[in-house]
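Following: one structure in structure tokens, then a few remarks.
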There are 2 protein chains.
Amino acid sequence: MRTESKPTIQDVAKHASVSIATVSRVINNQGGVRAETEKRIVHAIKELGYVRNAVARSMKKKETKMIGIIIPDINNPFFPLVVSGIEQQARKKGYYTMLSNTSESPIVESEIINILVERGVDGVVITTADEYGKQFQILQEQGIPVVALDRRINEYNFDSVLIDNIDGAYQATKQLILQGHQDIAIICGPHSTTPGRDRFAGYLKALSDYEIPLNDQFVVQGSFSEEGGYSATRTLNELEVRPTAIFSSNNLMSIGCIKALQDLEWRLGEEVAFIGFDDIEIATFTKPKLSVVSRPMNALGELAFQLLHERILANEVFSPRNYLLSPELKIRESCRLGNIRLNHKRS
Amino acid sequence: MRTESKPTIQDVAKHASVSIATVSRVINNQGGVRAETEKRIVHAIKELGYVRNAVARSMKKKETKMIGIIIPDINNPFFPLVVSGIEQQARKKGYYTMLSNTSESPIVESEIINILVERGVDGVVITTADEYGKQFQILQEQGIPVVALDRRINEYNFDSVLIDNIDGAYQATKQLILQGHQDIAIICGPHSTTPGRDRFAGYLKALSDYEIPLNDQFVVQGSFSEEGGYSATRTLNELEVRPTAIFSSNNLMSIGCIKALQDLEWRLGEEVAFIGFDDIEIATFTKPKLSVVSRPMNALGELAFQLLHERILANEVFSPRNYLLSPELKIRESCRLGNIRLNHKRS
DNA sequence: ATGAAAGCGCTAACAC
DNA sequence: GTGTTAGCGCTTTCAT
């Protein structure tokens, strides 16, 4: 494709009849170059269409000004929002972000980490697809700063910015209880993930605090996906005694759940109340509108970059900082008592 | 941070008592190394925690195996879906993708392009925020292959993978007409963008083919955003004679439009029919369900990478290929006649 | 099968 | 203010 190879700093120097050192000075705005000389050089750069080779530069300077962002699911709207927060802060500080998507595959994640390390990123923000994996070893060995976002990384002492999932689930469940519900189901995410486990724990805690016995039938599992929420809801619908309220552990699951409710003609707000983890676009389009636990996506991203940046600049090791951000319960309509007939078995 | 600097190929060579050339051979699986020697080297690599420095490698080889993807709005679900298509193909061919988001800012886009060029990406797929900008100059000069995705790039002969927006809008409008509507409004996107103009053109064409005079009042403008759709809908609602059908030019606008309809108590499916460009999550949650023009996101991405890849491999210039993919009309409920009272002025 | 050595394009220390 | 020069870590030709 490329015929004549790209011009280098050498070519520019020759063209402007100066040394490469001088050219380098003007490229990097280091000053100390006579105005006239500079003009000649700038002109030569224009004329030749010279572009600084960042690869050579990085090689020399041992820094790339790139940070890697690794997310598990680019199609889950939660992540783009978080990414926007990171990007924004990074740009301000002169860092360029490389975003990669693992599609929840630990194998892909591992590959990506290796590539980023080889490419010499200055740091990485990651929402891992495998909290217990060994893929982080290389990052630690190379001393590359890492911030774990939204999902904990076990056995490594990285900084982390997490959401208080337990509290979020607790608030949601409590709200349902205060509305008079006793038969509250939970659609759980995978117990292999922190959010999966923690949201279940919050649910359990609320039940226990209000002395409502746990009914195993009301605890259903699924993957963090629309399909997961859909089939879980089906299962719930087939129970002899159906729950009067559902708490869904994740945005995608909520969508699946609401779809199932429609398909099964299990009437939201009339026969069953609902609260979901994460705000979703459809929440205000359903009737009744969905109450949700909302996470501060942007803040999550901004904080993550900030922590990362501090570590990149620091030249000594210091102990990990672990942040736990609180989600916010957004009460709309779907958790209201309405005219839901409760199952008054134990009242 | 990093205390002892990272091990290099030199260190490995020393540790295994061989030359760096031999180490390089085993790192790159080039064969021609005695099994026993190789074992020693592999062992040294493990022991030292050596990682190949891709920066140095790229510098030497003049290829990075990285391609850049530039999108204008990571929070518009259309793009993550396209990106998934690109990523998937790229990974298969051994390319790593770097995703960047411009947030529709031509300035940011320009910066990103420069960074990618400096970093030596092997190619770029871009949905530009500025179809007429000069930011592509550098790509052309450097001979870096480019594929324009979803938005045309004028004045440069890059490959392109576009959607037949005219046809999509035509189909939608036609459908509305066939349902008996005459007073069909369009919520237009910015005329500075190809999709904005083309979708309007398709609307116009359908009207003309069916001999329905254009009513200027039914043509409202907005940015490709929720807010754009929302305020456009407000405007339509304030007309003395309101339209009986609305065609919305973009997914985000559709969301804004539907929200406005709700807020204004302008009843969808009863007082006004609707078709929107792009399928959206909420489409099946509204009552009635939304009819939409759906684009093949994944195919778009896959094709884009394929074209790019061909160009990266080719060692001669050839003329640009321009693909136009057809969108598909998904008829659900919102465009049905239902019990909408049409304004029978000219029937 | 292995090694020596010449760069790739740049930065920065040092000389002038 | 400007030039010379020594690498950064790697791949690759050419010897051996």
Side-chain angles (χ1 to χ4, degrees), chain A residues 2 4-42 44-45 48-66 114-115 117-122 142, chain B residues 2 4-42 44-45 48-66 114-115 117-122 142:
Chain A
R2 282 140 247 181
E4 75 302 295
S5 59
K6 304 178 189 170
T8 74
I9 201 172
Q10 287 281 2
D11 302 319
V12 176
K14 208 167 295 168
H15 203 87
S17 316
V18 292
S19 76
I20 58 168
T22 310
V23 176
S24 176
R25 281 183 193 106
V26 348
I27 291 170
N28 297 294
N29 290 308
Q30 289 175 320
V33 177
R34 210 192 313 157
E36 200 238 312
T37 318
E38 172 156 354
K39 201 153 60 183
R40 252 183 18 247
I41 293 174
V42 170
I45 289 176
L48 297 170
Y50 168 78
V51 180
R52 152 134 103 5
N53 182 328
V55 174
R57 176 171 220 264
S58 291
M59 169 142 172
K60 187 70 195 160
K61 302 204 50 157
K62 268 94 179 308
E63 69 165 25
T64 55
K65 286 281 185 184
M66 295 197 304
N114 280 289
I115 291 170
V117 171
E118 288 187 356
R119 296 232 96 81
V121 289
D122 294 341
Q142 304 283 314
Chain B
R2 283 140 246 181
E4 75 302 296
S5 61
K6 304 178 190 171
T8 74
I9 200 173
Q10 287 282 1
D11 302 320
V12 176
K14 208 167 297 169
H15 203 88
S17 316
V18 292
S19 76
I20 58 169
T22 310
V23 176
S24 176
R25 282 184 193 105
V26 348
I27 291 170
N28 297 294
N29 290 307
Q30 289 173 320
V33 176
R34 208 191 314 157
E36 197 237 311
T37 316
E38 174 157 352
K39 202 153 58 182
R40 242 170 42 235
I41 294 173
V42 169
I45 289 176
L48 295 169
Y50 167 78
V51 179
R52 151 136 105 359
N53 181 329
V55 174
R57 174 169 221 261
S58 290
M59 169 142 171
K60 189 74 197 161
K61 301 204 50 158
K62 268 98 181 304
E63 70 163 28
T64 55
K65 286 284 189 179
M66 295 198 303
N114 281 289
I115 290 170
V117 171
E118 287 187 356
R119 298 231 94 81
V121 289
D122 294 341
Q142 305 283 315

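Letters A, B, ... are given to chains in the order of the sequence lines, protein chains preceding strands, and every chain is numbered from 1.
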Given B/Y50 and B/V23, is the side-chain contact (heavy atoms from CB on, under 4.5 Å) satisfied, shown in steps? CA-CA 11 Å; B/Y50 167 78; B/V23 176; 5.5 Å; no

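Protein atom CZ of A/R25 is 11 Å distant from nucleotide atom P of C/dA12, rounded to whole Å. C/dG9 atom P lies 9 Å from atom CD of A/Q10, rounded to whole Å. One can place CD of B/E63 at 17 Å from C1' of C/dG9, the figure rounded to the nearest angstrom.
Within the 4.5 Å cutoff, side-chain heavy atoms of B/V12 are placed close to those of B/L48. The side-chain heavy atoms of A/R52 and A/N28, taken from C-beta on, include a pair separated by under 4.5 Å. Proximity of A/V33 to A/T22: side-chain heavy atoms (C-beta onward) are separated by under 4.5 Å at one or more points. Annotation: side chain of A/V42 is in contact with side chain of A/E38 (closest heavy-atom distance under 4.5 Å).
At a threshold of 4.0 angstrom between heavy atoms, the contacts of B/V18 are confined to the sugar-phosphate backbone, with no base atom among them.
A donor and an acceptor atom, one from each side chain of A/R119 and B/T64, are nowhere located under 3.5 Å apart.
Residues A/Q142 and B/G49 share a closest heavy-atom pair of NE2-O, 3.3 Å. Considering every non-hydrogen atom in both B/V55 and A/M59, the closest pair reads CG1-N, 3.7 Å.
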Sort me out a list of protein N/O and nucleotides 6-8 of chain C N/O pairs below 3.5 Å, or just none if empty.
from	atom 1	to	atom 2	distance (Å)
C/dG7	N2	B/K60	NZ	2.9
C/dG7	N3	B/K60	NZ	3.1

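When each of C/dC14, C/dG3, C/dC10 is scored by its nearest atom to the side-chain atoms of A/R57, the top-ranked nucleotide is C/dC10.
Put simply, chain A comes within 4.0 Å of DNA chain D, heavy atom to any atom, from D/dG1 to D/dG9, going 5' to 3'.
A/S24 has a side-chain polar atom (N or O) that falls below the 4.0 Å cut-off from OP1 or OP2 of C/dT11.
Between the side chain of B/R25 and the main chain of B/Q30, no donor-acceptor pair closer than 3.5 Å is present.
Screening B/V18, B/V26, B/I45 against B/R40 for a side chain to side chain contact (heavy atoms under 4.5 Å, CB included) leaves a single residue, B/V18.
Annotation: the span from A/K65 atom NZ to B/I115 atom CD1 amounts to 11.0 Å, rounded to 0.5 Å.
Contacts between residues 26-39 of chain A and DNA chain C, defined by a heavy-atom separation below 4.0 Å, involve A/N28, A/Q30, listed by number.
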